[in-house]
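One structure below.
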Amino acid sequence: MNLHKEETMKKGTLRFERKQTVSLSRKILNPVVFILLGFVFSSIFIIANGFQPIPVFGKMISYSLLNTKGFIGSINAALPLMFCGLSVAIAFKMNLNNIGAEGQFAMGAIVGGAFALYGPSLPAPLSGVVMFFLCALGGGLWALLAAALKAFWKVNETIVTLMLNYIALLFLDYLCYGPWMAPKQTTAMTVKIPENLFLPVINGTSSGLILAILIAVLLHLFLKYTAAGYQISVIKNSIGTAEYAGIPVKKYILIVLALSGALAGIAGFVQVTGIVHRVQAQLPGGSGYTGIVIAYLSQCNPLAIILVSVLFGALQNSSAVVQIMGVPSQIVTMLQGTLMISVIAGEFFNRYRITYCKAERSDYTAEPNDDMQEPKQRNVDNQEPKKGAVQ
Amino acid sequence: MIPFITSICAAAIVYAVSILYAAIGEIFSQRAGIMNLGIEGIMLMGAMTGFVTVYHTENLLFALLATILVGLVLGLAFAFLTVTLQADQTVCGMAFLIFCSGLSGFLGKSVTGIASAVKFQQINIPVLSSIPVIGEIFFRQDFFVYLMYLVIPLSIFYIYKTKAGLMLRALGENPASLDQAGINVFAMRYGYIMFACAMTTISGACISLSYTNFWNEGMTGGKGWIAFSLVAFSRWNPAYAVLGALLFGGISILGMNMQVYLPGIPSQFYGMLPYAATIIALIITTGSFRKKHSEEPAALCQKYDREDR
């Protein structure tokens with residue numbers, strides 16, 4: 001089966017062997033170790049720029065996680081990230097790349113914002129519910145564009161969702177600088193939305209958090225315990241198998257991408273009603289892209305996404321405090337990228353085992369000792385299959 | 001009217017060239033089967049490196065070399081992740097985007113908004129630049145534009161007329177068959193990824209060393225994405241990429257200027273055009289309703305693992 005395995009190994013070469021199973025503790029421990037390595041790696045750049053990494057990291061942690069006010073700020077910063085992370089994750093669950101959470105976020109905010117600013121005024125709980133569904137609809141329909149192209153014409157959804165981001169963001173930009181711009185304002189933002197649409201605040205935290213946890217739990221149950229969730233995992237493993245088993249793959253592509261877009265749209269709902277209370281240009285602010293990082297780091301587990309989002313929210317929240325120390329706030333973005341790269345690198349070691357070959361031997365045999373005793377004969381043996389291998 | 005048109009055309013060429021380096025690099029990378037979504041970030045790293053070097057040394061050659069070096073290092077890292085460690089290319093590209101845009105802002109913070117003493121100046125080619133209209137459009141440009149006049153034919157020749165180009169195309173279509181023919185697929189991918197990243201950083205340097213002579217966080221302003229979209233738009237062919245770049249360049253320069261003449265159409269709608277055009281081009285070239293084989297490299301975005309062969 002593995003033709004190249006018959007090649008003779010040279011002394012001192014490294015070999016990668018695929019692992020069959022990975023233990024759960026390893027799965028969790030591996031990213032943690034590589035996240036720490038990521039911090040070490042980014043310290044290099046911090047030192048190169050003339051700062052001390054340990055006080056900088058210390059200040060970031062103590063400000064954003066270890067006191068109540070900072071922690072609440074971190075959770076509020078994390079809210080849109082949670083929904084974007086969930087959005088990207090559900091698409092990843094079916095091997096669909098939704099790079100468009102950013103644009104779906106914007107579209108959700110636009111459709112919901114249109115209702116909030118210009119729609120009829122309804123009684124308090126009802127108007128919130130209507131806006132929630134309109135935001136989800138805006139994001140969902142925007143993603144459905146890419147989904148339909150993917151399902152019917154097999155057009156690469158990665159590029160389409162990416163391009164749709166820019167169209168949606170430019171449209172939001174147009175609205176906030178143009179027809180929706182609040183009078184007597186110099187920045188691109190609308191007037192405040194009606195107060196009956198504000199998400200209630202509980203102990204300083206927006207109740208969007210409850211919504212996020214609720215949706216994450218529902219999503220977890222959906223993926224794990226329903227027939228649809230099972231069929232999604234079948235499609236992920238092999239589209240061919242799924243089609244053979246009679247699973248309507250096209251329908252699933254449409255549903256899953258639309259659901260993914262709807263979740264990103266809800267991020268727009270939470271951001272508008274829970275945090276900024278208005279629609280403004282650059283509202284998503286990169287949350288859609290950070291959502292990809294979060295979904296990947298949490299290995300698409302909905303409950304892990306909530307936790308990882310809080311960490312990323314804390315990271316974003318701490319950008320203000322490091323600026324006081326004179327450190328550029330861009331350190332936060334750099335850290336996010338570094339952490340992601342180091343976890344990507346680490347992921348490899350979950351799947352593969354590296355073996356180091358001390359003496360020259362053939363990898364053909366099970367026991368290296370045996371190999372050492374009769375190297376000549378082994379080499380002769382190896383010649384034949386090697387020739388056959390080239391075909 | 002004619003001076004207005006020539007100035008628009010000349011500006012469109014400058015714009016086109018600044019995205020073409022990245023787009024042609026990415027064409028090579030995608031032809032080799034690797035999609036690098038991090039272009040925007042890598043361009044920013046190029047712009048930052050070029051500017052910081054020129055600010056401290058006042059030597060444009062050093063700046064260019066440093067830019068290329070940074071591109072090669074970033075390419076090496078990207079290749080290590082996607083080729084050796086077989087990471088998902090989409091996720092990896094996004095990670096690079098976030099990392100590079102953060103790092104460029106972080107390292108370039110101290111020189112933000114300061115002008116450098118030197119930048120690439122316009123060079124008038126002796127005889128050619130005096131031709132009316134054409135001379136003004138094509139031959140009163142800077143170093144990057146003239147270099148691009150060489151890069152375009154060379155890259156087309158390389159991809160379609162040489163043996164190495166044939167191997168490159170095979171690499172993106174069916175790496176396993178190349179591997180069986182005894183060619184080192186992994187080394188080839190490393191090479192093309194590093195080349196693509198170096199080209200992308202040159203694109204960035206175009207912006208900070210010739211377009212302007214200062215550095216600002218996020219100064220590429222979406223040009224990296226336009227370059228990326230140009231690759232699909234051009235059907236992975238540098239010749240179409242040139243046409244596309246001129247078209248996109250013309251549209252964006254017009255968008256900037258038209259506000260004066262046609263205040264009715266907001267500039268954001270001009271901004272949307274390249275992205276919408278790319279989606280339409282992508283549907284036309286790769287949609288499965290076509291009977292003809294699509295030009296998209298078949299192995300694009302697929303990791304190559306010998307054990308799966």
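Chain identifiers are assigned alphabetically (A, B, ...) following the order of the sequence lines, protein sequences preceding nucleic acid strands; residue numbering begins at 1 within each chain. None of these values were measured; they are calculated from a predicted model.
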Notebook entry, point to check: Heavy atoms, side chains only, cut-off 4.5 Å: are B/Y275 and A/L170 in contact?
Noted result: yes

Checklist line | Best-contacting candidate, B/L107, B/L97, B/T90, against chain A by heavy atom pairs under 4.5 angstrom | finding: B/T90

Check: Is it the side chain or the backbone of A/Y289 that comes within 4.5 Å of chain B heavy atoms, both, or neither?
Finding: both

Next item on the list: Could you tell me which portion of A/N156 (side chain, backbone, both or neither) has an atom closer than 4.5 angstrom to a non-hydrogen atom of chain B?
Entry: both

Next item on the list: Go through the atoms of A/L149 and report whether side chain, backbone, both or neither lie under 4.5 Å from a heavy atom of chain B.
Entry: side chain

Item checked: Proximity breakdown for A/V343 and chain B, heavy-atom pairs closer than 4.5 Å -> neither

Next item on the list: Please flag which part of B/A276 lies under 4.5 Å from any non-hydrogen atom of chain A: side chain, backbone, both or neither.
Entry: both

Note to self: Taking side chain as everything from C-beta outward and backbone as N, CA, C, O, which of these in A/T338 sits under 4.5 Å from a heavy atom of chain B? Side chain, backbone, both or neither.
What the structure shows: both

Margin query: To check you understand the geometry: which heavy-atom pair defines the closest contact between B/C92 and A/I344, and what is its length?
Written below: CA-CD1, 3.8 Å

Checklist line | From OH (A/Y174) to CE (B/M272), nearest 0.5 Å | finding: 9.0 Å

Note to self: Please find the pair of heavy atoms, one from A/I341 and one from B/A95, that lie closest to each other, and give the distance.
What the structure shows: CG1-CB, 3.7 Å

Check: Run the side-chain contact (heavy atoms from CB on, under 4.5 Å) check on A/T158 and B/L37 step by step: do they pass?
Finding: CA-CA 10 Å; A/T158 313; B/L37 271 175; 4.3 Å; yes

Item checked: Toward chain A, the part of B/L103 with a non-hydrogen atom under 4.5 Å -> both

Next item on the list: Counting only heavy atoms closer than 4.5 Å, note whether A/N97 contacts chain B via side chain, backbone, both or neither.
Entry: side chain

Check: Which pair of heavy atoms, one from B/A232 and one from A/I159, lies closest together, and at what distance?
Finding: CB-CD1, 4.3 Å

Next item on the list: Go through the atoms of A/I167 and report whether side chain, backbone, both or neither lie under 4.5 Å from a heavy atom of chain B.
Entry: both

Checklist line | Between CE on residue A/M163 and CD1 on residue B/I280, distance to nearest 0.5 Å | finding: 13.0 Å

Next item on the list: Give, for atom OG1 of A/T161 and atom CD1 of B/I279, the distance between the pair rounded to the nearest 0.5 Å.
Entry: 9.0 Å

Next item on the list: Drop me the distance from B/I284's CD1 to A/W153's CH2, to the nearest 0.5 angstrom.
Entry: 9.5 Å

Checklist line | From CG (A/N49) to NZ (B/K109), nearest 0.5 Å | finding: 11.0 Å

Next item on the list: Describe, in one word, how the ring planes of A/F171 and B/F269 are oriented to each other, choosing from parallel (under 30°), tilted (30 to 60°) and perpendicular (over 60°).
Entry: perpendicular

Notebook entry, point to check: With only heavy atoms counted, which part of A/L145 is less than 4.5 Å from chain B, the side chain, the backbone, both or neither?
Noted result: neither

Next item on the list: Return the option, out of B/L300, B/V91, B/T84, with the maximum number of heavy-atom pairs under 4.5 Å with chain A.
Entry: B/V91

Next item on the list: Identify the two heavy atoms, one from B/F106 and one from A/F45, that lie closest to each other, and give their separation to 0.1 Å.
Entry: CE2-O, 3.6 Å

Item checked: Heavy-atom proximity to chain A below 4.5 Å, by part of B/S229 -> both

Next item on the list: Check the pair B/F99, A/M340 against side-chain contact (heavy atoms from CB on, under 4.5 Å), reporting the backbone distance first and the verdict last.
Entry: CA-CA 8 Å; B/F99 172 70; A/M340 191 173 179; over 6 Å; no

Margin query: Which atoms of A/I99 are under 4.5 Å from chain B, going by heavy atoms: the side chain, the backbone, both sets, or neither?
Written below: side chain

Item checked: Residue part contacting chain B, namely of A/V293, when any heavy atom lies under 4.5 Å -> side chain

Check: Hey, what do you get for CD (B/Q268) to SG (A/C176), rounding to the nearest 0.5 Å?
Finding: 9.5 Å

Note to self: Tell me if the OH atom of B/Y240 is crowded by more than 12 foreign heavy atoms within 6.0 Å.
What the structure shows: no

